[in-house]
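See below for the structure under consideration.
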Amino acid sequence: MLDHTELLVVGECVADIVRLPDQEDRVHPGGSPANVAYGLARLGHRPTLLTQLGPDPNGRLIRDHLASAGVTIRTDGAPAPTPSAAVTLDGAGQASYAFDIAWTLAPVAVEPAPGHVHTGSIGAVVEPGAATVLDIVRTARATATVSYDPNVRPALMGDHAAAVRRVEECVALSDLVKASDEDLAWLYPGEEPEKVAARWLERGPAVVLVTRGGDGALAVLPGGRITVEAAAVDVVDTVGAGDAFMSGTLHALAGRGLLGTGARDRLHAVDRDTVAGVLRHAVASAAVTVSRAGANPPDAAELHEALAQGVSGGSRLGPPDTP
């Protein structure tokens, strides 16, 4: 396992205010990077989350939530209200968001040096804090592996062309990238997700993963493409599904010695059978999460049980010459 001195997640916490028809609002701890850190801790890792949290009730709720799983929380000390998002769920449990967020993470020294850094979402694009995030990644990647999830929130992305440039900059700094087909549709309207993933791969990552909701997930790597079917589960809501997929991916890679200091060459030489196994872990992690309310990823025992029951979909390897 990568412990808290090695695994660093950088990005926002968000209080998700979930609104359902004819029901009182419910507040859930959220924020994509925070969810990934929480998911990793649930799976037995001890990550550090560098973030911003206010001294308000929502901030205390999120702190308690993360600490309960074993996440080490580090803030820059700057006073700021805890970000929030009003989450409206439709009849199928699909989430839409309205944000009240400021991201002003100040420059900080990251010590000890992490072995792996994960970032993405609002924290990597919203200024002025995004500049700090990118500086941390640039410094850390000299020795650390890096993962990135754009987790696009159109209302917060600003100018489209500038947002695409920032996302592509983050892709080029990363060893592993995960995006949803909805992310790619906003970034590159009308383009096939697989073609975008192949183009991103040329910027430097070892693997690019694309989640496709009910259509499963796709991995593109130099040896070809891999697809995995979605798991057959009853969906309660999709809140945190992509983040659970991400934490499941990182957990599986770490367990195979493919993350951390000295692991970059191994990750970039990863074979397709290994990636197929990683995808099955990721899909199973997401499946457990969507089967219950809120961003509630599995612990290690629940993920093991889901995999044992075949809750991970079937994988298929594409031709080696077809990324």
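- His28 and Arg26 are linked by a side-chain donor-acceptor pair at a separation below 3.5 angstrom, with hydrogens and angles left out of the test.
- Checked against a 6.0 Å centroid threshold, the rings of Tyr38 and His65 count as neighbours.
- Under the 3.5 Å distance criterion, with hydrogens and angles disregarded, a donor-acceptor pair is assigned to the side chains of Ser121 and Glu12.
- Going from atom CZ of Arg63 over to atom CG of Asn58 covers 13.0 Å, rounded to the nearest 0.5 Å.
- With respect to Arg46 and Glu6, no salt bridge is recorded, no charged nitrogen being found less than 4.0 Å from a carboxylate O.
- Rounded to the nearest 0.5 angstrom, Tyr148 OH and His118 NE2 are separated by 10.0 Å.
- Not one N or O on the side chain of Arg225 forms a donor-acceptor pair closer than 3.5 Å with the backbone of Leu221.
- Between the side chain of Asp56 and the backbone N or O of Thr82 there is at least one donor-acceptor pair closer than 3.5 Å.
- A salt bridge is absent between Glu194 and Arg199; no separation between the charged side-chain nitrogens and carboxylate oxygens falls under 4.0 Å.
- Between the side chains of His281 and His251, no donor-acceptor pair of N or O atoms lies under 3.5 Å.
- Closest of all the heavy-atom pairs between Ile17 and Ser84 is CD1-CB, 4.2 Å.
- Put simply, the residue from Ile136, Val117, Thr48 that forms a side-chain contact (heavy atoms from CB on, under 4.5 Å) with Val110 is Ile136.
- For Ser180 and Asp183, the side-chain atoms include at least one donor-acceptor pair closer than 3.5 Å.
- Heavy-atom contacts from other residues, nucleotides or ligands closer than 6.0 Å to CD of Glu24 number 12 or fewer.
- In His160, the NE2 atom is crowded: over 12 heavy atoms of neighbouring residues, nucleotides or ligands sit closer than 6.0 Å.
- Residue-environment remark: CD (Glu182) stays at or below the threshold of 12 foreign heavy atoms within 6.0 Å.
- Ion pairing between a basic and an acidic side chain is recognised when a charged N comes within 4.0 Å of a carboxylate O; Arg212 and Asp181 show no such pairing.
- Side chain to side chain, Asn35 and Ser32 fail the donor-acceptor criterion of an N or O pair below 3.5 Å.
- The side-chain hydrogen bond (donor to acceptor under 3.5 Å, both in side chains) test with Lys178 singles out one residue from Asp149, Asn151, Asp243, Thr249, and that residue is Asp149.
- In terms of heavy-atom proximity, Gln52 sits nearest to Pro83 at O-CD, 4.4 Å.
- Looking at Asp175 and Thr145, their side chains never bring a donor and an acceptor atom within 3.5 Å of each other.
- Summarising the geometry, atom CG belonging to Leu105 is positioned 9.0 Å from atom OG1 belonging to Thr75; distances are rounded to the nearest 0.5 Å.
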